[in-house]
Amino acid sequence: MAEPKENVLMEKIVSLCKRRGFVFQSSEIYGGINGFWDYGPLGAELKRNVKDLWWQAMTRHREDVVGLEATIIMAPQIWRASGHVDTFADLMRECPVTRKRVRTDQVEPRSGVVYRFTGAEFTTTGAKVEKSLALLVEKGGHPESARKRAREFFLESLPEAKADLAALVLLGEQTQPVENSIDFHPDSNVELGPSRPFNLMLQTWVGPIQSDENVAYLRPETAQAIFAQFKNVHETSRQKLPFGIAQIGKAFRNEVTPRNFTFRSREFEQMELEFFIKPDEAVEAISGAVNTQPVEGHPGEPQADWGWQKWHQYWVEERVRFYEGIGLSRNTLGFHIQTPEELAHYARATTDILFKFPFSKVDEAGNVKGDELEGIAARSDFDLSQHERFSGKPMGVFDEELRTAWGKLTPEKQAELTQRYYEARFKYLTKSGVAPEAAEKEAREDAVGLSKGQYIPHVIEPSAGVDRLILALLANAYTEVTETDAKGKSETRVVMKFHPRVAPIKVGVFPLLKNKPELVAKAREIFNLLKRDFACFYDESGAIGRRYARQDEAGTPFCVTVDFDTLGEKPELLDTVTLRHRDDSRQERLAIRDLPAWLRERLS
RNA sequence: GCGGGCGUAGCUCAAUGGUAGAGCGCUAGUCUUCCAAACUAGUUACGAGGGUUCGAUUCCCUUCGCCCGCUCCA
């Protein structure tokens, strides 16, 4: 259900974003382009801060993650291997009554009796509509319900739509039994319209000739480049498993309906980590057992006996800590643990981190679940295996530790692990369409490989949307403050309560008065002192209160004001300034020389 | 893509078959000793294209964009 009140809030946020220069509509002077958004001066700073913080947290503050910056256009085969050519280019069919769509290849076969109609006519007015419609009545279903639905459908096409339903007579009814038909919508039972292709990847041509051979795609996700470059990175970075590869970059999807401001855009940016881990069989061989002890919350520092479950939990908690660190407290977030039905066949678990946006749906009980900021997926060894099969290049790694450990195992243990690994590989191969005999041979070889210390790494994938996070930060920061002044005039101001770490401007620097050159000179001096290390904004226009208010809307956490005491009117206050806090308008007096350290402490 | 609503200054809103006005904002100036003060001056719009008309922002059509639903999951 639409929540008008919440939409008002969303509209206010959109309006502020434009007014203050956080987000503009792309190509606005030409009427805009659906699903594309630009970041203005404040938005660009905000986004840069977010990406920098992610990059620091994921790579520089760790020893086990390295970076990658790959191209947006890659060999088209990558998207066959990844499955995107198939899953992003589905044929869809639509139910003509409910307008609900289903994928052509996912319609469940149904049996029953088909009721066909050629139209309907009003006995009272003679008004008539001619359209064919067919509905399936399953065994045990009631033909009258099909007729009722048909009447409702035809009624829509008649100008006398308000007329009596009972006076509408169906025309040309015919029945026909069908077996295992895939032509009917699973919910409405109505015969589906023609198949139409839906390709969610944006296409282009590489080279000046626009032919089918030159078709390439703008990447729909950044992750695949990481898999495609896995061998190169592994070999050059001197990393050993477990380790990760991180990437930030643009991705493109031809969304059916871009919606909710920047939440679902056609061009967007992702921050993705592929964290490669040893298969559980290898962990067990090395550590004796895989640690599966359940722990609440963060499982602590990584341990050698962690299997995919622990690593998955670890990354979920690491990511939550990241969000908390930039001002999104746990109660603004939500979680969605994907059900077995929702999971891709190769995925073992996926936990989505959600944020409660103003447009997020509210359920009957009044709870807001939220919408997705990030998905943390345990993807088994699917991705690298796919690229190994499609490229013909080996994607396995050699694990010295495993080989050594393997030799010390009992023959029974070796056999058990070999068998389990064989089964997992066999399952992957057959599910991927490899013929059983070939799959058996290949899986057998893979299992022998394991005993020699070789395997294809498994992967945990924390994949976050930058633009969605920006939107979450904007929504989270948006605060209205209503104040009534001495004259009784009440006024509502907006304060963007960003965490200082992400705030686009960290410090506003003002002279108390513009027409006093000494104050201006001192303020300029402080601005020049701070601007190298902090995003600063100097402002001398208008009254001081107005300048504070402007910075509140920009989300600047601190403002520094130079007054006559700074210049030594009261000698004991010489070279001190007023430091004003955004969230509560609190003021304190600080020495100019202490400012850099004071700020650094609050911004790092 | 389909269905419903919408489109007037940067923002929030008015008015009109005879080409638009306010408040706030913004810019400059005067003034101003800490929370959108005052005064003066300036600034900016009928989303785009076509049609009907002597004339359209107003009526009609098309298109683009925004919001809501189907869809989607970074």
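First the proteins, then the strands, lettered A, B, ... as listed; each starts at 1. These numbers come from a predicted model, not from an experiment.
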Please identify each residue that fulfils side chain to side chain donor-acceptor pair (under 3.5 Å) with [X], with sequence neighbours left out.
X      : value
A/S380 : none
A/T332 : none
A/S463 : A/E272

In [range], which residues come under 4.0 Å of RNA chain B by heavy atom?
range                       : result
residues 317-328 of chain A : none
residues 367-375 of chain A : A/E372, A/L373, A/E374, A/G375
residues 570-585 of chain A : A/T578, A/R580, A/S585

Remember a base hit wins even if backbone is also touched, and classify [X] as base, sugar-phosphate or nothing at under 4.0 Å, heavy atoms.
X      : answer
A/T561 : base
A/Q587 : base
A/L16  : nothing

Report the distance from atom CD1 of A/I29 to atom P of B/C46, rounded to the nearest whole Å.
14 Å

Please give, in whole Å, the distance from B/C70 P to A/K361 NZ?
5 Å

Can we say [X] and [Y] salt-bridge, meaning some charged N sits less than 4.0 Å from an Asp/Glu carboxylate O?
X      : Y      : result
A/E317 : A/R330 : yes
A/E45  : A/R48  : no
A/K570 : A/D565 : yes
A/E269 : A/K47  : yes
A/K361 : A/D371 : no

Counting heavy atoms not belonging to A/I337, are there more than 12 under 6.0 Å from its CD1?
no

What are the atom names and distances for every N/O pair under 3.5 Å that joins the protein to nucleotides 41-44 of chain B?
none

Contact under 4.0 Å: [X] side-chain N or O vs [N] OP1/OP2:
X      : N     : result
A/K516 : B/U33 : no
A/N515 : B/U30 : no
A/N34  : B/C66 : yes

Map A/A464 and A/E553 onto RNA chain B by nearest heavy atom, then report which one ends up closer to the 5' terminus.
A/E553

Taking salt bridge (charged side-chain N to carboxylate O under 4.0 Å, His left out) as the criterion, tell me which of A/K497, A/R547, A/R20, A/R580 meets it with A/D552.
A/R580

Could you give the distance separating [M] and [N] at their [atom1] atoms, to the nearest angstrom?
N     : M     : atom1 : answer
B/U16 : B/A45 : C1'   : 15 Å
B/C61 : B/A20 : C1'   : 25 Å
B/U43 : B/C11 : C1'   : 15 Å
B/A74 : B/U19 : C1'   : 47 Å
B/C13 : B/U8  : C1'   : 10 Å
B/U53 : B/C60 : C1'   : 12 Å
B/U71 : B/G49 : P     : 37 Å
B/A22 : B/G4  : C1'   : 32 Å

Of the listed nucleotides B/A74, B/C66, B/U32, the one nearest the side chain of A/L513
B/U32

Is there a donor-acceptor contact under 3.5 Å from the side chain of A/N49 to the main chain of A/A503?
yes

Any donor-acceptor pair under 3.5 Å joining the side chain of A/Y548 to the base of B/C34?
yes

Distance-only donor-acceptor test (3.5 Å): side chain A/Q551, base B/A36:
no

Determine the interplanar angle of the A/Y346 and A/F382 rings, folded into 0 to 90°, and report it as parallel if under 30°, tilted if 30 to 60°, perpendicular if over 60°.
parallel

Please state whether the rings of A/F359 and A/F263 are parallel, tilted or perpendicular, taking 30° and 60° as the class boundaries.
perpendicular

Would you say [X] and [Y] make side-chain contact, with heavy atoms under 4.5 Å?
X      : Y      : answer
A/Q270 : A/E221 : yes
A/Y217 : A/L202 : no
A/L469 : A/L328 : yes

Show the distances under 3.5 angstrom between N or O atoms of the protein and N or O atoms of nucleotides 4-7 of chain B.
none

Stems in RNA chain B, runs of 3 or more consecutive Watson-Crick or G-U wobble pairs with both distances under 3.5 Å, sorted by first number, are B:1-7 with B:64-70, B:10-13 with B:21-24, B:25-30 with B:38-43, B:47-51 with B:59-63

Please output the side-chain donor-acceptor pairs of residues 472-481 of chain A that fall under 3.5 Å, not counting sequence neighbours, one pair per line with the distance.
| from | atom 1 | to | atom 2 | distance (Å) |
| --- | --- | --- | --- | --- |
| A/Y478 | OH | A/E480 | OE2 | 2.9 |
| A/T479 | OG1 | A/A477 | O | 2.9 |
| A/T479 | OG1 | A/V495 | O | 3.4 |
| A/E480 | OE1 | A/K12 | NZ | 3.4 |
| A/E480 | OE2 | A/K12 | NZ | 2.9 |

Keeping to residues at least two apart or across chains, list the side-chain hydrogen bond (donor to acceptor under 3.5 Å, both in side chains) pairs with something in residues 30-42 of chain A.
A/Y39-A/D467

Using nucleotides 20-26 of chain B, report all nitrogen or oxygen pairs with the protein that are shorter than 3.5 Å.
| from | atom 1 | to | atom 2 | distance (Å) |
| --- | --- | --- | --- | --- |
| B/G25 | OP1 | A/R546 | NH1 | 3.3 |
| B/G25 | OP1 | A/R546 | NH2 | 3.0 |
| B/C26 | OP1 | A/R550 | NH1 | 2.7 |
| B/C26 | OP2 | A/R546 | NH1 | 2.7 |

